[in-house]
Amino acid sequence: MARRNEEVEALLGEYADLIAITGGDAFKARAYEKAARAIGGHPADVSGLDADGLMEIPNVGRSIAEKVLEYLRTGKVAAVEERRARIPDGVRELIAIPTLGPKKALRLYEDLHISSVDELTAAIEADALADLKGFGEKTQENILHGIRLLRQAGDRIPVHLALDTAEEVLAELSAVTGCESSAYAGSLRRMRETIGDIDVLVAAGRSAPFMDALVSMPSTAEVIAHGEKKTSIRTHKGVQVDLRVLPPRSWGAGMQYFTGSKAHNIRTRTIAVREGLKLSEYGLFDTRSGKSLASRTEEEVYARLGLPWIPPALREDRGEIEAALRGELPEILTERDIRGDLHTHTDLTDGLASLETMVEAAARRGYAYYAVTDHAPNLYMQRMTDEKILAQRERLRELDGTRRRMRLLHGTELNIGPDGEVDWPGEFLAGFDLCVASLHSHFDQDRRAMTRRLVRACENPYVNVIGHPTTRLIGKRPGVDADWDEVFAACARTGTALEVNAQPDRLDLRDEDILRARRHGVRFAVNTDAHSVLHLAHLRYGVGTAQRGWLTKDDVINTWTLTRLRRFLRKSGRN
DNA sequence: GCCGTTTTCGGCCCGACTGTTTTCAGTCG
């Protein structure tokens, strides 16, 4: 059963938004935001906690604990219902538009009764905002741009939400009598960064029990289709799940077919046709005799086509067929290859958990080493000081090697300023085991300035990793504009690694950028940028993205032994 | 609303950017 923390987080987040929109105390709104985040990142399921247990979660006091209990008991919170009655749901949608916050949303609602993104678009197109205070030409342009960005993501959902849903569905279906195999396929299996529908496959003799189990799951909100071969539902979270039940002998062919991609399948079918064969979701057949030649496993199907099994993340027709035919498929990275996380936070800055808690959790993952990289002083809101980071270093050295012999590296996440400068002078940076450096502001510099800025950061002898290099947020913010080939060349030349940030809303670098950077000989670090214990598990999305970028163990510095990693971290030009 | 080796009030994530109301409110990281 899924944890209920996410629902509670969403509810408290909504309440915070409603407070902000209705002009309530800004600190109160922030208190709810903080509590929402803390509950979302809390390792224990809140539905198993009493008031005292809840109040042990940071930023959760008596009042919020009682609201959580009220919600878990009744499914509702009176205070939230009261605010909901004052503000239509659509008004809250508006603040998802970048550059449009609670104040502007309220004005649109009160003055023009706009309560949805569609109504807002129509109003701007009808020039109905002209007389509204604070909505000049440029503001309207920015809002339209924001709406376009939102729409670009379309109906696709982030990969982690899709995976949670898929695992929930599979847990249900695999328990049904007669289930021989079950798995998700489609773009989720290929680990694309966003997912349209979730394709779930079951191998069984009879399909009806599985179709019935899917439509009667508690999380099913709507049945789109309910047939013998295929059933589609939509969950309460708005995710569409398509279930197909195959005869067990067709399992491999079905997985191959429904995993895609379309382009990859066109290639495999073309190979089949040339050999006088026909490939479908039921198997690989001899065209003339109709005899089935392979279907039970994917390996058999690929083998009969003269190909080795191709990892799903590569199945995009980006050269994997050719590489497979030549016997040159890369041995791509796996999650097991990762020996440590090199970008993580603690509650010394904006993380949720203490140094000790994060280290303990990392050790439980079996890491050989682990870097703590809290924010540096130039990100003013984090209030970092020399004293604080040095005190952390001292504590970290005490903990080093004490948790399952995991070694600790003391690092920091520096801020790359507009001219490529970073927080501390070289002599102070020399005290860190590694430095990640990332962009946190001035995202709209022109290409030349941005390129220069990133290259300068690479040239800093103490900067080892560029964190979330393009700084995009999926569905919210495009990446910065730079001459990436020049940046990648600078990384390769200076021995600076590029991060594959595993946060599901970042996945930055993305797959295409990785492919391009790799051709320059760049090294990579697949990091979670964890701000809580739970985030450490997001590594799988970073690994998936790295796989889509064809990365091997050798390309990724945090698969290396500590000795080799340390050698890499000592860049030339250091004192 | 939460929190306290400042402990029951008075702080709380600070500063920059943007557009526009032209002196500052709103938004963002």
Side-chain angles (χ1 to χ4, degrees), chain A residues 11-39 51 54-68 70 77 79-80 83 94-108 111 129-146 149 345 347-352 374-385 388 391 413-419 423 438-445 467-468 470-473 476-480 501 503 505-506 508 529 531:
Chain A
L11 181 84
L12 297 178
E14 179 188 348
Y15 191 49
D17 285 347
L18 290 173
I19 293 168
I21 294 169
T22 51
D25 178 8
F27 288 113
K28 185 168 154 180
R30 187 175 296 163
Y32 276 96
E33 266 170 39
K34 285 199 289 195
R37 217 163 70 86
I39 288 174
L54 287 167
M55 284 166 68
E56 275 173 29
I57 302 173
N59 303 307
V60 177
R62 172 79 46 199
S63 173
I64 292 182
E66 276 167 8
K67 288 190 176 71
V68 173
E70 182 187 347
V77 176
V80 179
R83 299 254 179 183
L94 298 180
I95 67 175
I97 301 169
T99 73
L100 205 163
K103 297 289 187 295
K104 284 197 163 81
L106 184 65
R107 179 158 299 155
L108 287 167
D111 292 5
L129 268 54
D131 297 330
L132 202 58
K133 258 190 164 183
F135 288 84
E137 198 181 327
K138 188 72 198 188
T139 298
Q140 296 190 35
E141 218 174 89
N142 287 341
I143 290 174
L144 283 179
H145 179 66
L149 280 175
H345 296 272
D347 60 5
L348 185 62
T349 56
D350 56 353
L352 288 170
D374 272 312
H375 289 288
N378 290 359
L379 206 61
Y380 301 103
M381 62 185 186
Q382 305 295 348
R383 301 179 146 184
M384 181 53 80
T385 62
K388 279 161 83 174
E413 181 182 10
L414 301 167
N415 180 59
I416 304 176
D419 296 319
D423 305 62
S438 321
L439 304 172
H440 297 104
S441 63
H442 302 84
F443 302 136
D444 48 9
Q445 284 180 326
H468 46 74
T470 77
T471 313
R472 68 152 177 179
L473 291 175
K476 278 201 187 140
R477 186 173 70 203
V480 299
N501 187 296
Q503 286 191 40
D505 60 342
R506 289 192 186 273
D508 181 13
D529 193 0
H531 285 68

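Labels below follow one simple rule: chain letters A, B, ... track the order of the sequence lines, proteins then strands, and each chain is numbered from 1.
If you take CD1 on Ile97(A) and CG on Asn142(A), they are separated by 11.5 Å, rounding to the nearest 0.5 Å. Here the CG atom belonging to Leu439(A) is positioned 4.5 Å from the CD1 atom belonging to Ile416(A), to the nearest 0.5 angstrom. Distance check, rounded to the nearest 0.5 Å: CG of Asn501(A) to OG1 of Thr470(A) gives 9.5 Å.
At the heavy-atom level, Gly61(A) lies under 4.0 Å from the strands shown only through sugar-phosphate atoms. Base contact: Phe27(A) has a heavy atom under 4.0 Å from a base atom. Base contact: Asp25(A) has a heavy atom under 4.0 Å from a base atom.
Between dC13(B) and dG29(B), the two C1' atoms lie 10 Å apart (nearest whole Å). Look at the P atom in both dA25(B) and dT20(B): the space between them is 16 Å, to the nearest Å. dG11(B) and dA16(B) are spaced 23 Å apart, taking the C1' atom of each and rounding to whole Å. Taking atom C1' on both dG26(B) and dT21(B), the two are 12 Å apart, rounded to the nearest angstrom. Across dT8(B) and dG1(B), the matching C1' atoms stand 14 Å from one another, rounded to whole Å. Comparing dG15(B) with dG10(B), their C1' atoms sit 22 Å apart, to the nearest whole Å.
Applying the Watson-Crick and G-U wobble criteria (two distances, each under 3.5 Å), dT8(B) pairs with nothing in any strand.
Within the 4.5 Å cutoff, no side-chain heavy atoms of Arg506(A) are placed close to those of Arg472(A). Contact annotation: the side chain of His375(A) approaches that of Glu413(A) to within less than 4.5 Å [non-hydrogen atoms, C-beta and beyond].
In this structure, Lys67(A) atom NZ and dC2(B) atom C1' are separated by 12 Å, rounded to whole Å. Taking atom CG on Asp347(A) and atom P on dC3(B), their separation rounds to 13 Å, with Å as the unit. What separates OH of Tyr15(A) from P of dG1(B) is a distance of 6 Å, to the nearest Å. The NZ-C1' distance, from Lys28(A) to dG11(B), rounds to 17 Å in whole Å. Atom CG of Leu54(A) and atom P of dG1(B) are 16 Å apart (whole Å). We find that CG of Asn415(A) is positioned 12 Å from P of dA16(B), with the value rounded to whole Å. A straight line from OH of Tyr32(A) to C1' of dC12(B) spans 16 Å, rounded to a whole angstrom. Between Lys34(A) atom NZ and dC3(B) atom P there is a gap of 8 Å when expressed in whole angstrom units.
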- Task: Using the side-chain contact (heavy atoms from CB on, under 4.5 Å) rule, take Thr99(A) and Ile143(A) through it: C-alpha gap first, then chi angles, then the decisive distance, then the call.
- Result: CA-CA 7 Å; Thr99(A) 73; Ile143(A) 290 174; 4.3 Å; yes

- Go through Leu108(A) and Leu129(A) one step at a time and tell me if the side-chain contact (heavy atoms from CB on, under 4.5 Å) criterion holds. CA-CA 9 Å; Leu108(A) 287 167; Leu129(A) 268 54; 4.1 Å; yes

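Side-chain nitrogen and oxygen atoms of His442(A) include at least one within less than 4.0 Å of the OP1 or OP2 phosphate oxygen of dC17(B). For Asn59(A) and dG1(B), the shortest distance from a side-chain N or O to OP1 or OP2 is not below 4.0 Å.
Residue Gln382(A) is the one, among Gln382(A) and Gln140(A), whose nearest nucleotide of DNA chain B lies closer to the 5' end (criterion: closest heavy atom).
Because its NZ or CZ atom is both nearer than 6.0 Å to the ring centre of Phe443(A) and within 45° of the ring axis, Arg477(A) counts as a cation-pi partner of that residue.
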- Item | Nucleotide-resolved protein contact map, nucleotides 23-29 of chain B, B/S/- at heavy-atom distance under 4.0 Å | ---SSSB

